[in-house]
Amino acid sequence: MKLTGVGASEGLAVGPAFVPQTGRPEPERNHITEDEVEPGLQKFRNAVEAVVGGLSETIDGLRQSGNEDEAGIFEFHAEMAEDPELASAVEERVKNLESPEAAVLAAGEEYAAGFAAMDDEYLAARADDVRDVTGQIAAELMGRAASGFEALQEPSVVLAKSLAPSDTARIEKGLALAFVTAEGSRTSHVSIMARSMGIPAVVGVGSALEGALNADTVAVDGTEGLAITDPDRETVAEFEKMSEALAKERAALDEYRHVEARTSDGRRIEVAANLGSASEAEDALGWGAEGVGLFRTEFLFMERDDLPSEDEQYDAYSAVARAFGEKPVIVRTLDVGGDKDLPGVDQVHEDNPFLGWRGIRMSLDTPDLFEPQLRAILRATSHGNLKVMFPMVADVEELKAAKKMLEKARAGLEEGGVELGEVQTGVMIETPAAAICATELAKESAFFSIGTNDLVQYTLAADRGNERLRRLQSADHPAVLALIRQACEAAKKANIPVGVCGEAAGEPEMIPKLISLGVTELSMGAPSIPRAKKVVSEL
Ligand code: PEP
Ligand code: MG
């Protein structure tokens, strides 16, 4: 069977299929203290709300595509999640000092057993639904998706409806040979992660994925956007041949890894890497990164179930700073929300998370999260050339407020005797508002970095992860280019550099356009660096 979708990360792979099962999670703890009862009950209510919110979205989607029967199943799940009897059984257990996750799993099991014992075949089969939904509530309580990746033990091709950043962040290195997902586009986070990890990916194959879930083996061509289930011998041999050719093509780009990219009229373009974790730093240097144009710090928060401490963050930021020495490293403050959930923090369900409490909005509202991060970054500046960047800024007030918090963090550290040098602060231009207000923002910024992934999504009102909106997911659109031009002109007038750290920066056909608009730095998933340098050198 052939599945076609978007070639989201180039490369070829053939391997066993792995389908993550959303199994029942184990409780992290079984007991709580008296003090934790009230917060525990509130957490349980929030978790129910979040699960029901997610289910409502699924139900709406199914109804729209005419799948009434399936919608009915999920409606039952939603009813079950909100069942008052389930709630009182859980509350009773929590009041008896069971942890909310243990309580919901146990109460769910009791309920399921009740259904399973029924004579009516239909009702007996509802036991699994009860287990499923209470498992989801428990997973939500523990701040993680019930992802089932624990069972991934050998290098495999991962097939899934969608992959959240917290899923990809949890997959052990080397175990994912390729990703194939029903949903997603080139700029959804699974694609971004796949590119920076050098893992081939085909996303947005749609409902065809369901027919592939029983496959033993899958061959993936991430360049063409093609996956073949249970390939025959000839196909495997063809993939082997193509792999050799790709390896040769990559080897031919090697000579560009460590050149300083310059256009033929002498314009120097810095080519940097986007990193999701400190462990990628060495690899990125090997690909020829001249700095880090975007360190996505949220992944540090996502690959675990609790929040990293200030010291843990300091260690991660210092490690990147040290690895890059004098080369600039732009650390972006936490950008969660949208499709990036934060395990360890209760997030309320939002109807439109991409238009919701995300990026700088959340950071400014949660000093307990933001201040330790700012302190950790400032402390790490002594190890290299770190700069700070704020995401999702919509106006100059937000930028000023963020800078004020940075100054407060600095003052606190200096009072404690920590000596700090100058730290440049910059802003992401990823909302249309930021591009339109670029002149004002430039007065308060040492640099701009254009986040084309979100800029495209918000300008064209096209969800970056929706596989049906491919035509509207490219920065090569007159409206987006006009906003990029506006930002570049404002930056030029203010005499500050302007980079691009969205995926367009690594796309060979976009690079000439970005440079002609005035962009001076390109930052991308590290494996794309040699090709980008070649493109620049040939301009
Ligand atoms: C962007 O929006 O272009 C960007 C680089 O940020 P992220 O992809 O992390 O949202
Ligand atoms: Mg963004």
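Start at 1 and go down the list; that is how both ligands and their atoms are numbered.
- Between E430 and M392, some side-chain heavy-atom pair lies under the 4.5 Å cut-off.
- Interface of L294 with ligand 1, defined as ligand atoms under 4.0 Å from a residue heavy atom, comprises 5 (C).
- In terms of heavy atoms, L441 sits closest to V393 at CD2-CG1, 4.1 Å.
- Side-chain contact check for F324 versus L285: some heavy-atom pair is nearer than 4.5 Å.
- Taking only nitrogen or oxygen atoms, main chain and side chain alike, R332 reaches within less than 3.5 Å of ligand 1.
- Distances below 4.0 Å separate heavy atoms of C501 from the following atoms of ligand 1: 5 (C).
- Residue side and main chain included, D335 places no N/O/S atom under 2.8 Å of the Mg ion (ligand 2).
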- Message: Assess the residue pair D476 and S474 against the criterion (side-chain hydrogen bond (donor to acceptor under 3.5 Å, both in side chains)); give the C-alpha distance rounded to whole Å, side-chain angles, the decisive distance to 0.1 Å, and a yes or no.
- Response: CA-CA 5 Å; D476 197 5; S474 163; 5.2 Å; no
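- With respect to R186 and E503, no salt bridge is recorded, no charged nitrogen being found less than 4.0 Å from a carboxylate O.
- Listed by number with element, the atoms of ligand 1 under 4.0 angstrom from any heavy atom of G502 are 3 (O), 5 (C).
- Neither the backbone nor the side chain of E503 comes within 4.0 Å of ligand 1, counting heavy atoms alone.
- Residue contact check: R358 has heavy atoms under 4.0 Å from atoms 10 (O) of ligand 1.
- Ligand 1 has no N or O atom lying under 3.5 Å from any N or O atom of E298, backbone or side chain.
- With respect to the Mg ion (ligand 2), E430 has OE1 as its nearest N, O or S atom.
- Note on ligand 1: R464 sits in its first shell, one or more heavy atoms being nearer than 4.0 Å.
- Within the 4.5 Å cutoff, side-chain heavy atoms of Q473 are placed close to those of R470.
- Applying the 4.0 Å criterion to heavy atoms of R296 picks out, from ligand 1, the atoms 4 (C), 5 (C), 6 (O), 7 (P), 8 (O), 9 (O).
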- Task: Would you please test D454 and Q457 for side-chain hydrogen bond (donor to acceptor under 3.5 Å, both in side chains) and show each step?
- Result: CA-CA 5 Å; D454 279 314; Q457 143 163 289; 3.0 Å; yes
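- The shortest side-chain heavy-atom distance between V498 and L517 does not fall under the 4.5 Å cut-off.
- Heavy-atom distances between M524 and ligand 1 stay at or above 4.0 Å for every pair.
- Here the side chains of K513 and E507 are not in contact, with every heavy-atom distance at 4.5 Å or above.
- Counting atoms of ligand 1 from 1 in the listed order, those under 4.0 Å from a heavy atom of I192 are 8 (O).
- Within D454, the N, O or S atom lying nearest to the Mg ion (ligand 2) carries the name OD2.
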